[in-house]
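Data block below; observations after.
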Amino acid sequence: MKTLYVNLDINTVSDKIYTAVVEGSVTGECLDKHILTTPQGSVVVMVFEKHYWRAGNRLTLTATLDNTQGDKTRVRLVGSGGGEGLFRFDWGASESFEEVVVCALQPYTL
């Protein structure tokens, strides 16, 4: 689970995440994108899925974006689903999935 703040508007962040996960991968796909607009700002929830050979199955990545704190966008990433067996050991694949987004947003991180 990672949280970062970037100096991009929420729509640009959403596009960059989509590009990094889907267009930057053979097996990555966006399962859902939900946008909620409030008087305080917007919240975007994106759910991705991608096959990781290392984990031996498909993992999910949920990205929750919001701009309710002024002129920055908060990005919260949670990778899951890659665990195998009782201990959910995924050989680091969930963290790697999160890192795809972190690397794509690195130049804009506050």
Side-chain angles (χ1 to χ4, degrees):
M1 189 172 352
K2 294 188 187 317
T3 300
L4 53 137
Y5 294 87
V6 294
N7 61 358
L8 297 171
D9 67 88
I10 199 164
N11 294 322
T12 303
V13 174
S14 172
D15 291 344
K16 289 195 175 295
I17 292 172
Y18 181 89
T19 299
V21 175
V22 176
E23 295 176 11
S25 165
V26 174
T27 63
E29 62 181 298
C30 184
L31 300 177
D32 190 34
K33 179 178 178 181
H34 180 74
I35 302 169
L36 174 66
T37 304
T38 71
Q40 294 78 25
S42 297
V43 177
V44 177
V45 178
M46 304 171 77
V47 179
F48 297 94
E49 188 177 65
K50 181 177 177 179
H51 185 271
Y52 271 81
W53 294 106
R54 170 175 22 167
N57 59 11
R58 297 185 70 80
L59 280 74
T60 62
L61 176 70
T62 303
T64 305
L65 321 174
D66 77 79
N67 62 0
T68 60
Q69 299 179 354
D71 60 350
K72 60 186 172 184
T73 300
R74 178 174 37 190
V75 180
R76 182 141 171 99
L77 305 168
V78 179
S80 67
E84 190 174 322
L86 180 63
F87 299 106
R88 299 183 190 156
F89 188 70
D90 69 3
W91 301 97
S94 294
E95 289 178 11
S96 292
F97 205 175
E98 293 172 0
E99 284 300 314
V100 167
V101 175
V102 171
C103 289
L105 298 178
Q106 187 66 39
Y108 317 101
T109 302
L110 297 174

- Item | Close side-chain approach of L4 and L77, heavy atoms under 4.5 Å | yes

- Would you indicate whether the side-chain heavy atoms of V75 and I17 approach each other to under 4.5 Å? yes

- Query: Are V45 and I10 joined in one hydrophobic group, where the rule is that I, L, V, M, F, W and Y side chains link up if heavy atoms are under 4.5 Å apart?
  - Reply: no

- Message: Once rounded to the nearest 0.5 Å, what's the spacing between atom CG of D66 and atom NZ of K72?
- Response: 10.0 Å

- So if you build clusters from Ile, Leu, Val, Met, Phe, Trp, Tyr with side-chain heavy-atom gaps below 4.5 Å, do V22 and L105 land together? yes

- Query: So, do V78 and M1 sit near enough that their side-chain heavy atoms are less than 4.5 Å apart?
  - Reply: yes

- Query: Heavy-atom distance under 4.5 Å between the side chains of K33 and Y18, does that happen here?
  - Reply: no

- Would you check if the side chain of E98 reaches a backbone N or O of G79 as a donor-acceptor pair within less than 3.5 Å? yes

- Query: Taking the side chain as C-beta and beyond, is there a heavy-atom pair between F97 and T60 under 4.5 Å?
  - Reply: no

- Query: Which value, rounded to the nearest 0.5 Å, describes the distance between Y5 atom OH and T109 atom OG1?
  - Reply: 12.0 Å

- Message: Testing the basics here: between V13 and L8, what is the closest heavy-atom pair and its distance to 0.1 Å?
- Response: CG2-CB, 3.7 Å

- Ignoring hydrogens and geometry, is there a side-chain-to-backbone donor-acceptor pair from N67 to S42 under 3.5 Å? yes

- Query: Quick one: does K50's side chain get under 4.5 Å of L61's, heavy atoms only?
  - Reply: no

- Query: Taking it one step at a time, do H34 and V47 satisfy side chain to side chain contact (heavy atoms under 4.5 Å, CB included)?
  - Reply: CA-CA 9 Å; H34 180 74; V47 179; over 6 Å; no

- Task: Tell me whether V43 is reachable from V6 by hopping between hydrophobic residues (I, L, V, M, F, W, Y) whose side-chain heavy atoms are closer than 4.5 Å.
- Result: no

- Query: Are K2 and E95 ion-paired here, with the side-chain N under 4.0 Å from a carboxylate O?
  - Reply: no

- Could you tell me the separation between the CG atom of L65 and the CZ atom of R76, rounded to the nearest 0.5 Å? 12.5 Å

- Any link between V102 and L59 through a network of hydrophobic side chains (Ile, Leu, Val, Met, Phe, Trp, Tyr) touching at under 4.5 Å? yes

